[in-house]
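Heads up, the thing below is written out as structure tokens.
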Amino acid sequence: QVQLVESGGRLVQAGGSLRLSCAASGRTFSSYIMGWFRQASGKEREFVAAIRWNDGTTDYADTVKGRFTISRDNAKNAVYLQMNSVKPEDTAVYYCAADRFYIIRKSIRVYENWGQGTQVTVSS
């Protein structure tokens with residue numbers, strides 16, 4: 001059974017940086033797409049970034065392109081989201097998710113496995 005555990009969320013000032021981690025277990029993830037999503041209070045969950053595990057292909061939401069970087073560590077079975085130049089509008093609960101498909105998709109409905117989320121709060 002797939003398990004995803006996020007960590008690294010905290011309070012950070014606008015313009016600062018932080019890195020979120022997602023520890024993945026229970027499967028061999030070489031055929032998976034791993035995604036980061038976020039949900040701000042009172043809003044719908046939205047796509048942030050995704051990476052194809054086997055070749056490192058990435059995709060980003062326009063709102064974070066150039067500021068956030070998704071990466072993975074095969075040896076540690078982990079996925080990361082490096083967040084730079086954060087803004088107050090980045091405040092949300094961030095979720096790690098896994099999709100058993102070969103093309104990166106951005107819809108939350110296609111991701112079968114989810115972590116519990118980690119809170120990121122950006123102060124102005």
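One-based numbering along the sequence shown. These numbers were taken from a predicted model, which means no experiment stands behind them.
The shortest non-hydrogen separation linking Ala14 to Ser124 is CB-CA, 4.3 Å. When every heavy atom of Arg45 is checked against every heavy atom of Ile108, the shortest pair comes out as O-CG2, 4.1 Å. Shown here for Lys106 and Asp59, the closest heavy-atom pair between the two residues is CE-OD2, 3.0 Å. Between Ala92 and Arg38, the shortest heavy-atom distance links the atoms CB-CB, 3.8 Å. The minimum heavy-atom distance between Ala40 and Thr91, with the atom names listed, is CB-O, 3.7 Å.
Taking the six-membered ring where the residue is Trp, the centroids of Tyr111 and Phe37 are separated by under 6.0 Å.
Residue pairs meeting the salt bridge (Lys or Arg N to Asp or Glu O under 4.0 Å) criterion with at least one partner in residues 9-28, sequence neighbours excluded, are absent. Applying the disulfide (SG to SG under 2.5 Å) test to every pair with at least one member in residues 45-83, sequence neighbours left out, gives no pairs at all.
In this structure, the separation between OG1 on Thr58 and CD1 on Ile104 is 6.5 Å, given to the nearest 0.5 Å. In this structure, Tyr80 OH and Ser7 OG are separated by 9.0 Å, a value rounded to the nearest 0.5 Å. Distance check: Arg67 CZ to Asp90 CG gives 4.0 Å after rounding to the nearest 0.5 Å.
Scored by the salt bridge (charged side-chain N to carboxylate O under 4.0 Å, His left out) test, Lys65 finds Asp62 as partners (sequence neighbours excluded). Taking the salt bridge (charged side-chain N to carboxylate O under 4.0 Å, His left out) definition, one finds that Asp55 meets it with Arg52, sequence neighbours left out.
Here Phe101 is tied into one hydrophobic group with Tyr102, Ile103, each link being a pair of ILVMFWY side chains closer than 4.5 Å. Its side chain within the 4.5 Å cluster rule, Met34 clusters with Val2, Leu4, Val12, Leu18, Leu20, Phe29, Tyr32, Trp36, Val48, Ile51, Trp53, Tyr60, Val64, Phe68, Ile70, Val79, Leu81, Met83, Val86, Tyr94, Val120, Val122 among the Ile, Leu, Val, Met, Phe, Trp and Tyr residues.
Heavy-atom neighbours of Glu44 CD from other residues, nucleotides or ligands within 6.0 Å: at or below the threshold of 12. Taking a 6.0 Å sphere around CD of Gln3, one finds it holds 12 or fewer heavy atoms contributed by other residues, nucleotides or ligands.
Judged by distance alone, the side chain of Glu6 and the main-chain N or O of Thr118 form no donor-acceptor pair under 3.5 Å. Side-chain atoms of Thr28 do not come within 3.5 Å of backbone N or O of Ser30 as any donor-acceptor pair. Looking at Asn77, its side chain does come within 3.5 Å of a backbone N or O of Ala24 through a donor-acceptor pair.
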